[in-house]
Amino acid sequence: MTLVHEPAAPATAKPSAPISIAGALNAALRDAIEADPSVVVFGEDVGPLGGVFRVTDGLAARFGENRVWDSPLAEAGIVGTAIGMAMYGMRPIVEMQFDAFSYPAFEQITSHLAKMHNRTRGAVRLPIVIRIPYAGGIGGVEHHSDSSEAYWTHTPGLTVVTPSNPADAYSMLREAIASDDPIIFLEPKSRYWSREDVALPVTTAPMTSAVVLREGTDVTLLAYGPTVRTALEAADQGALEGLSVEVIDLRSLSPFDDETVGASVRKTSRAAVIHEAAQFGGYGAEVAARVTERQFFYLAAPVLRITGFDIPYPSPKLEEHFLPTADRVLAALDTWEW
Amino acid sequence: MTLVHEPAAPATAKPSAPISIAGALNAALRDAIEADPSVVVFGEDVGPLGGVFRVTDGLAARFGENRVWDSPLAEAGIVGTAIGMAMYGMRPIVEMQFDAFSYPAFEQITSHLAKMHNRTRGAVRLPIVIRIPYAGGIGGVEHHSDSSEAYWTHTPGLTVVTPSNPADAYSMLREAIASDDPIIFLEPKSRYWSREDVALPVTTAPMTSAVVLREGTDVTLLAYGPTVRTALEAADQGALEGLSVEVIDLRSLSPFDDETVGASVRKTSRAAVIHEAAQFGGYGAEVAARVTERQFFYLAAPVLRITGFDIPYPSPKLEEHFLPTADRVLAALDTWEW
Amino acid sequence: MSDSVVGSQLPVRPTEKPICLIAADGKRTSPDLAAGFELPASDILLSLYRRMVLGRRFDVQVTAVTRQGRLATYPSAVGQEACEIGAVAALGDDDWLFPTYRDTMAVMTRGVAPADALRQFRGDWHMGFDPYEHRISVQATPLATQALHAVGLATAAKLKGDNVVALTFLGDGSTSEGDAHEAFNFAAVWQAPVVFVIQNNQYAISVPITKQSHARTLADKAIGYGMPGYYVDGNDVAAMYTVISAAVVNAREGRGPALIEGLTYRVEAHTNSDDPTRYRDRDEEDAWAALDPIARLERHLRGTGDLTEQLSAEIANEAETLAANVREAVNAETELDPLEIFDHVYVIPRETLAEQRDYLARELASAEQESDR
Amino acid sequence: MSDSVVGSQLPVRPTEKPICLIAADGKRTSPDLAAGFELPASDILLSLYRRMVLGRRFDVQVTAVTRQGRLATYPSAVGQEACEIGAVAALGDDDWLFPTYRDTMAVMTRGVAPADALRQFRGDWHMGFDPYEHRISVQATPLATQALHAVGLATAAKLKGDNVVALTFLGDGSTSEGDAHEAFNFAAVWQAPVVFVIQNNQYAISVPITKQSHARTLADKAIGYGMPGYYVDGNDVAAMYTVISAAVVNAREGRGPALIEGLTYRVEAHTNSDDPTRYRDRDEEDAWAALDPIARLERHLRGTGDLTEQLSAEIANEAETLAANVREAVNAETELDPLEIFDHVYVIPRETLAEQRDYLARELASAEQESDR
Ligand SMILES: Cc1ncc(C[n+]2csc(CCOP(=O)(O)OP(=O)(O)O)c2C)c(N)n1
Ligand SMILES: Cc1ncc(C[n+]2csc(CCOP(=O)(O)OP(=O)(O)O)c2C)c(N)n1
Ligand SMILES: [Mg+2]
Ligand SMILES: [Mg+2]
């Protein structure tokens, strides 16, 4: 994958080596804990087990149970206590084991995490990162493949970001931990194990900016997390058919990078957004609405949404029919009159 | 207010009398409990007190504590037990005291209420109505003025409706209670006390259909719940300026009545959606996106969103600056080149 | 719904030591450990023994085929047979069971055919059978949420005047969730005919009970709700069956809910994808192996002479038939219609779903044509 | 975080009768009711008395101005002075208080100026003071949620080696919420220096405690978490102060959390917009009036001669000054900048909010012009 914005290799760069998203996240946590004594990590099974996806592997052993520990099994409890810790100057990083299991914490996240800074007129800051493995594609049974981003992005006070590759996974998580705003950090679980050569530590584009991954002139594909690969595949196939596809990795869902996306759409005059979540009221609706508001007179066709269906995420043997594919993207582009 | 679809006055019609939305809801509950022994009502303070908005006033005294009762104070518990009751053939109607207090029930609503029918391949039906007084405008302190509709409309399996007048309040609640699907019934709390002459029992347009409240030719205003009045005010003011405004009360947020809305937009070629909730990822995004997808080549201008700002709902003395007004609607329409 | 609160007697407090009727050595325990409960008759013990053997054989076989990749995942209940079978045996036909993902053994024991019981974990559909056919709800994944469904169903039955009891399983870790608390409280306040069976198998995936609760026992939680609480040896099926049966009768006769903690052990990994060596050691596993619920009852029944060579041979045969049954079930190809994913989202049909269904239908059709070429 | 679990002693069980040091008649109670707690010295009793009188005068005045429409709403704590003042008096300067909407009296007593304490209910802003200035968190509205914040803050202090204790108030109804359970459990497992003070004022708006819990006492819940639990006469400030102080010391010295239930009564309506005649009768209100916390301590201090005519006159004067202070505070016009609603949503500025801020600024400017014409 070619990054148009090459990551700036820092002075201390180690020789680049193949690393997975899970590995990069693990390294980011390790380096952040090492760098700042106020950083703590807790949640369900994040201690000795290292998390069900091994993202916290080895951290408890390395830093001890006062920096990385297993909490009781209660998501509201995890987020609620993290809020109290942050009020006392800590920087907690907590994990929701799977996205559907963040729902018990919904009140703590929407009514407190998102609002405490505003409520206290800026007196209280909550530098908390909530890590959520999200979306499907791993053959998980019910409740293990939800895409919950639309719930968070609609909630003022939250910042919502999602990496699609190991370099961003490291850089964006470090930036999220350093941020004084609460961050919902969505990790595309189907991509956890995809490897790339990266020299750590790495600093990529700012967490809140979108990145053009592939330049093109005919159409702009807007993707994030697990669907970035889908968009790139579609771009490859499209190229064979003589279609010049620009691919943008949104990276930040809230805030939305209107500038980068706007510039691209004004160039291509056509855009489509791709996500796994159900379409109705999904994040793609906001993308389509705001791109249309801002670029209406540049658009040659309506912004397309290539998404999951408006149904609960299906069982493992049927999920392939639910997930957006490169073929579906290209089929959708064909519905436009060119 | 003139209903283009006049409510069909049933044979048993009583002489029409002025009644508030709260009163109409109370009557609907009373008639439903009377009509069907499997209907029960429970929640926080819905018994002797009659609810903090008095929507259940007198029901416990009239039907006894086995039909209408106060539950312990726990929203997940209220929705979770309602699910179990529905599995055993009851039709529970539960109240979330204020919208922000539905958040503790978020997991029960999204992971169970919305999915049980699908999960069991249709074997289990959950005819449950969750009544939620929503939105602001009543000078409520923090957490008492949220607009949570976007969270529910994005969740497959839920049906989300909201009345804007007493006749619909009665008719739609009766229809919701009779439905075999779980219904999120959003009650515009700032409109609870607005009265109109209605002859009960009344049957208005089907719960899941939008209704044209005012016919016009220049622009279509899409509103629901508390913003319907705002849209009608804007239409009146617009008329003075020679603007012919069509006003549609969406009534059903999920499903969305594409037919009624589409027909109107094809006629006016301009549309704007109005809601109190924050704009980013709000329900208006879905409205704008789908109207644009379906009517792109009929649209003379981008669909506008006149909404609350992307901030937590402000304190009572500042809410006036947050809420969309008729002036803001007209100002927004002025941003279009005509 | 509140009158029921009045006139209820003070709850039974959990005992100091776990209630136990048959010790690990197969011998009967002293009266203090029996806490007034009677040892069931030998025919009952024999049938509990038989069902535990079948249950374990079932789980062992399913775990094996899961390793072969036939199932998406499988959480085994091996080692917890006394809880799984003791609970199911205590339920009447009209009663309801609210199991978790852990309790497929109980689901199968209550009469669901292996093929149906395993459909969820095969990845065919979220639930593999009709809840109303067996009065068994979905095997819940969101922890502790099903406990509230049990309370609601039991309350509905009570309001309708039916003599139905709902039993829900909970894990030790799940007791930390808010929903567990709300279920205990609603059940006690409404005096709902519910029995909460907590299988304290010492772990929530990798998290030991010491990181989950600071209480003396999980059964002690009952005190805070004004419910009877029972602290039981969860590897003694005689005790589990007897205590749960008593709680079921109490509930049925209108004396309200009960909370029962069975001390047991999750012998297998959390699921096939888990690696217990990361968080527990061999010695601990061996210590619990010595307390095995099946070996214990076998010793007892051999001692009393009730379990003859012939009988155990019969049971062994039955177990092998069941195992073959399981292999057959998971090897059989299931016909799945992808379009069904749209059919049960709503009772009242939706246009948008019909459109999306047509879209997928067209896609599948053209894929057909492709492959035909 | 788990080692702390090891080596912790068994919790103190709640007493049969509520712990009480000074009876309603002002007399000292028998040792069994004192449960080993010592009556505080008279200077302490006098200062508790003084603060209760001021607290009540404050609340009565605020309720009055609320009826005049000066406040958006106000939940009064009249009748609960022993809990409000007893808790605040037991806290050190570095300790933290996590109040609810009910506890403005406690907030004021801990040193927040009336104008700031009332800013939230005046509708100016969601919170009227800087939490760090007084070590008081927001007066939480979402029930029981603040208890988890208290546990988190106390745990952070413990991890940093600071001797800070967090005290959180909870209502009787709030104990039904899942968050209360999770807070109790996290606190016990982590042995966090937290004190939970449940003000059982008999009602959750209109819902009586009998519909909220079936437990003997709410203090009994502590048993299920392995926490000390204290069942206290919440109208005896001597008992509340003494028991809470002991719990605070315990927590500070690393012996973990405690749960304290104070039996009291919400004398006023839930808020000004509530109508108690719909759900409770006069007799009940009268019965509780006889147990009034201030009258009781007054009888005691007059009996001992510690409360002289002169002293009560001084306190009365002080109370009137405070009341005047309140009237002044709520009558003073506050300058609010509408544009501030955009300024604290994020630490890191957002373009979209800047745009929306400009939009409102322009709107306000043109409105200005309009009105100038
Ligand atoms: C609300 C929720 N949070 C997290 C999970 C992920 N999860 C699945 S099983 C499990 C451990 C449960 O432990 P326990 O309750 O003891 O049951 P056991 O697996 O031991 O039978 C966890 C954390 C979940 N399924 N639901
Ligand atoms: C999560 C949540 N649900 C519902 C409410 C609405 N509500 C506000 S106060 C109250 C009653 C609380 O009773 P209790 O906990 O006893 O406290 P008290 O008011 O008696 O001090 C309710 C139901 C809320 N604020 N938060
Ligand atoms: Mg367990
Ligand atoms: Mg109360």
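For the numbers below, each heavy atom of this structure counts, side chains included, while hydrogens, waters and symmetry mates do not. Since the structure is predicted, the reported quantities are computational estimates derived from the model, not experimental observations. Protein chains get the first letters and strands the later ones, always in sequence-line order, with residue 1 at the start of each.
- Residues of residues 93-109 of chain A lying within less than 4.5 angstrom of chain C, judged on heavy atoms, are A:Q97, A:F101, A:P104 in numerical order.
- No donor-acceptor pair closer than 3.5 Å links the side chain of C:S176 to the backbone N or O of A:P72.
- Under 4.0 Å is where a charged nitrogen must lie from a carboxylate oxygen, and between A:D57 and C:R278 at least one such pair does.
- With a threshold of 4.5 angstrom between heavy atoms, A:H321 approaches chain C through its backbone and through its side chain.
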Stepwise side chain to side chain contact (heavy atoms under 4.5 Å, CB included) check, A:L73 with C:D172: CA-CA 9 Å; A:L73 207 175; C:D172 46 313; over 6 Å; no
For side chain to side chain contact (heavy atoms under 4.5 Å, CB included), just list the numbers for A:E44 and C:I205, CA-CA rounded to whole Å, side-chain angles, deciding distance to a tenth of an Å, and then say yes or no. CA-CA 9 Å; A:E44 297 157 9; C:I205 303 186; over 6 Å; no
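- In this structure, OH in C:Y279 is found 11.0 Å from CG in A:D70, a value given to the nearest 0.5 Å.
- The line from CD1 of C:I341 to CD1 of A:I311 is 3.5 Å long, rounded to the nearest 0.5 Å.
- Under 3.5 Å, the side chains of C:T352 and A:D310 contain no donor-acceptor pair of N or O atoms.
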Between A:D327 and C:E363, is the side chain to side chain contact (heavy atoms under 4.5 Å, CB included) condition met? List the steps. CA-CA 10 Å; A:D327 288 346; C:E363 195 180 67; 5.9 Å; no
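- Within a 6.0 Å sphere centred on CD of C:E351, other residues, nucleotides and ligands contribute 12 heavy atoms or fewer.
- Counting all heavy atoms, side chain and backbone alike, C:V345 lies closest to A:P312 at CG2-CD, 3.8 Å.
- Using a 4.5 Å cut-off between heavy atoms, A:E320 makes no contact with chain C at all.
- Residues C:S206 and A:D45 come closest through the heavy atom pair OG-OD1, 2.7 Å.
- Here the straight-line distance linking atom CZ of C:R122 with atom OG of A:S315 works out to 11.5 Å at 0.5 Å rounding.
- Most heavy-atom pairs under 4.5 Å with chain A, from the set C:D179, C:T141, C:T73: that is C:T141.
- The distance from the OH atom of C:Y101 to the CD atom of A:E142 is 14.0 Å, given to the nearest 0.5 Å.
- Using a 4.5 Å cut-off between heavy atoms, C:S174 touches chain A through its backbone atoms (N, CA, C, O) alone.
- Among the candidates A:F309, A:F280, A:F322, the residue making the largest number of heavy-atom pairs closer than 4.5 Å to chain C is A:F309.
- Across A:G77, A:A74, A:G139, A:A76, the residue that shares the most heavy-atom pairs under 4.5 angstrom with chain C is A:A74.
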Would A:H143 and C:H126 count as a side chain to side chain contact (heavy atoms under 4.5 Å, CB included) if you check the C-alpha gap in whole Å, the side-chain angles of each, and the deciding distance to 0.1 Å? CA-CA 10 Å; A:H143 307 293; C:H126 309 297; over 6 Å; no
